[in-house]
**Q** 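This is the structure I have questions about; it appears just below.
Proteins come first, then strands; the chains are lettered A, B, ... in the order of their sequence lines, and each starts at number 1.
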Protein chains: 2
Amino acid sequence: MADGKNYGALATKLSTFINLSKHELEVLAELQSRQIRLARGEELTEEGQSSPTALILQSGWACSYKLMPNGARQIIRFPLPGDFMGYRSVLLRASDHFLCGVTDGIASVVDARRLLDIFRSSPRLGSALLWSVSRDEAMVVDHLASIGRRSAQERMAHFFLQLLERLKLIGLATEVGFHCPLNQYLLADALGLSAIHVNRVLRQLREQNLMSIKAGEVAFHDIVTLERLAAYRSIDPSLD
Amino acid sequence: MADGKNYGALATKLSTFINLSKHELEVLAELQSRQIRLARGEELTEEGQSSPTALILQSGWACSYKLMPNGARQIIRFPLPGDFMGYRSVLLRASDHFLCGVTDGIASVVDARRLLDIFRSSPRLGSALLWSVSRDEAMVVDHLASIGRRSAQERMAHFFLQLLERLKLIGLATEVGFHCPLNQYLLADALGLSAIHVNRVLRQLREQNLMSIKAGEVAFHDIVTLERLAAYRSIDPSLD
DNA sequence: CGACGCTTTGACACAACTCAACAACCGTGG
DNA sequence: CCACGGTTGTTGAGTTGTGTCAAAGCGTCG
């Protein structure tokens, strides 16, 4: 994207690891042309779609979560610009799996058949898409392991390091920080903790001079120690 | 499969919710023709494959897990006969994600291109496959939510109810029980608990006359109460 | 100004973990 | 046949991480 034109968030993301041809960029831009608005706190439902669709987040943050029958919420992931959202619902409607905006934003609606076309007509782009989706899936698995086998502190550290990496990839983070619209309730529901304990853990990290959050700005003070604490390892799978 | 012939575990599984034509059955049988042996405790690696492949479990139980740098293990799922295993590795090699046999068994090796062919040549079968894989994915998400937001008892109850449902689907469970090769260490690593606590929780469930395990045989004594306890809801997503 | 959303803190309770034994069960080999 | 070691299950006592409850601080915005 040396020409500086905007071909959509997905193109931006994919460009970071493969060089997209002019044609492929056009295809991606066209794919993301149908856009909808996304409001903070608003639940996204795909009712009334005549054909199966997927969503690609263009700007803002979203969150996908499950509601437990006792009222508790478990956040599965926070889609960021360039990420697919709700691609699972392409084929099926998971009963208690929801999607909502963390901030205002924009998403594009993609016809599922259009995606399949890409696999046929532009295989290289297709495998890039597959890579991207696989990466998202690997992150869910990571998240599962994190909740199951890491302490609250390790989980928190791991979570923010992963967020840093994802945001850097799409140019929304510097080497040492980023803007983060997540409050402590959202963090709690994502990490399987109580909001109060999230606060305590954040204080510990602050007092150990590892990282801090102030007014929605995350600042990393000692990434090396933080990575050691979280036993962090890059999420990016190696391409075959 | 009214003719009683064996077209592979995947065919058995898919047959339970769509009627497969003779031709589709043949395609599935051919797909699963290349088989490998799987030994209890043996790690499966797909090294040396000339082209990307997926695995379908035919018999026995397997388990896919992540190893944390501190040595802890988090089991992601237990593939059962008819389930895809390691389809994620089709495109990428997740660094610390492993697959191993819980029991001896057999798996078939499928060339990824062969799968793609099916989507083209037999769309109905393709969408059945997609349904099956989506279901597996939904189960991982369920598992995540379970570990994040359920108590140890609820988790245990949920886990076994889900297992019951999956095993019934492939004819490996009765209405009230099944054979289960999982020991308390495996349960612990799956549920994000310590092995000792698993033992205590199982005792509680036994003393409450909800379910019991003896010599690898799981027996459900009060499924209704168990479902209430686990806030269980069927994993099967509705097809569009 | 008050109301609201979010953060922070303290005191206390409890679920789950750790450590340390011991018991039951198995297949193996003497 | 029994003795044996290894694996798995069981139990108790004590510790600790995390949840719960309650309340106060602090911005922001109408």
Side-chain angles (χ1 to χ4, degrees), chain A residues 39-42 61 63 68 70-74 100-104 146-159 179-208 211-219 229, chain B residues 40-41 61 63 68 70-74 101-104 146-159 179-208 211-219 229-230:
Chain A
R40 171 189 146 114
E42 178 201 45
W61 291 42
C63 91
M68 312 303 276
N70 62 16
R73 176 174 64 164
Q74 176 62 51
C100 99
V102 170
T103 68
D104 292 348
S146 203
I147 292 181
R149 287 301 185 209
R150 267 193 257 256
S151 73
Q153 251 200 66
E154 294 164 345
R155 244 179 271 179
M156 187 72 74
H158 178 86
F159 176 78
H179 175 74
C180 173
L182 307 176
N183 65 29
Q184 299 184 352
Y185 295 94
L186 286 166
L187 290 174
D189 285 342
L191 299 178
L193 300 169
S194 69
I196 289 162
H197 200 59
V198 163
N199 185 288
R200 279 194 280 255
V201 171
L202 287 175
R203 175 172 28 147
Q204 288 165 24
L205 293 175
R206 193 188 327 130
E207 286 172 352
Q208 295 170 241
M211 59 168 289
S212 60
I213 308 181
K214 191 165 290 265
E217 293 297 326
V218 176
L229 170 63
Chain B
R40 172 190 144 115
W61 291 41
C63 95
M68 311 303 275
N70 62 16
R73 176 174 65 165
Q74 176 63 50
V102 170
T103 68
D104 292 347
S146 203
I147 292 181
R149 286 300 183 212
R150 269 194 256 255
S151 73
Q153 256 202 63
E154 295 164 343
R155 245 180 271 179
M156 187 72 73
H158 177 86
F159 177 78
H179 175 74
C180 172
L182 307 176
N183 63 28
Q184 298 184 352
Y185 295 94
L186 285 167
L187 289 174
D189 286 342
L191 299 177
L193 299 170
S194 70
I196 289 164
H197 200 58
V198 164
N199 184 290
R200 278 193 274 260
V201 171
L202 287 176
R203 171 167 38 143
Q204 288 166 25
L205 293 176
R206 194 188 327 132
E207 286 172 351
Q208 293 170 242
M211 59 169 290
S212 61
I213 309 181
K214 191 165 292 263
E217 292 298 326
V218 176
L229 170 64

**Q** Hey, what do you get for CD (Gln74(B)) to CZ (Arg149(A)), rounding to the nearest 0.5 Å?
**A** 6.0 Å

**Q** Side chain of Ile196(B) only, please: which of dG19(D), dT18(D), dT11(D) is the nearest?
**A** dT11(D)

**Q** Do the side chain of Arg206(A) and the base of dT8(C) come within less than 3.5 angstrom through a donor-acceptor pair of N or O atoms?
**A** no

**Q** For the side chain of Asn199(A), starting at C-beta, report the closest nucleotide among dT7(C), dT18(D), dC17(C).
**A** dT7(C)

**Q** Using whole Å, report how far CZ of Arg203(B) lies from P of dA15(C).
**A** 15 Å

**Q** Taking the side chain from Arg155(A) and the backbone from Arg150(A), do they hold a donor-acceptor pair closer than 3.5 Å?
**A** yes

**Q** With respect to the side chain of Arg40(A), which nucleotide from dC6(C), dT8(D), dT10(D) is positioned closest?
**A** dC6(C)

**Q** Counting only side-chain nitrogens and oxygens, does Gln184(A) get under 4.0 Å of the OP1 or OP2 atom of dT8(C)?
**A** yes

**Q** The side chain of His197(B) lies closest to which of these nucleotides: dT7(C), dT10(D), dC17(C)?
**A** dC17(C)

**Q** In whole Å, I'd like the distance from the CD1 atom of Ile147(A) to the P atom of dG19(D).
**A** 11 Å

**Q** To the nearest 0.5 Å, what is the distance between SG (Cys100(A)) and CH2 (Trp61(A))?
**A** 13.5 Å

**Q** Going by side chain to side chain donor-acceptor pair (under 3.5 Å), Gln153(A) matches just one of Gln204(A), His158(A), Arg200(A). Which one?
**A** Gln204(A)

**Q** What integer distance in Å separates Gln204(B):CD from dG12(D):P?
**A** 13 Å

**Q** Over how many whole Å does the gap from Leu193(B) atom CG to dA15(C) atom C1' extend?
**A** 11 Å

**Q** If you check every side-chain atom of Asn183(A), which of dG19(D), dA20(C), dT7(C) has the closest atom?
**A** dT7(C)

**Q** What contact category does Gly192(B) fall into here, base, sugar-phosphate, or nothing, at under 4.0 angstrom with non-hydrogen atoms?
**A** sugar-phosphate

**Q** Between P on dA16(C) and CZ on Arg149(B), what's the gap in Å once rounded to a whole number?
**A** 13 Å

**Q** Checking side chain to side chain contact (heavy atoms under 4.5 Å, CB included) for the pair Leu202(B)/Leu187(B): CA distance, chi angles, key distance, verdict?
**A** CA-CA 10 Å; Leu202(B) 287 176; Leu187(B) 289 174; 4.2 Å; yes

**Q** Is Arg200(A) side chain donor-acceptor paired with the dG19(D) base, going by distance under 3.5 Å alone?
**A** yes

**Q** Nearest whole Å is fine: how far is dA23(C) C1' from Lys214(B) NZ?
**A** 13 Å

**Q** Among dG10(C), dC17(C), dT8(D), which is the nearest nucleotide to the side chain of Tyr185(B)?
**A** dT8(D)

**Q** For the pair made of CG in Leu182(A) and P in dG5(C), what is the distance, rounded to whole Å?
**A** 18 Å

**Q** Using a 4.0 Å heavy-atom cut-off across all strands, classify Arg150(B) as base, sugar-phosphate, or nothing.
**A** nothing

**Q** Checking all strands, does Leu202(A) fall into the base, sugar-phosphate, or nothing category for heavy-atom contacts under 4.0 angstrom?
**A** nothing

**Q** Could you tell me the separation between the CD1 atom of Ile213(B) and the C1' atom of dA24(C), rounded to a whole number of Å?
**A** 16 Å

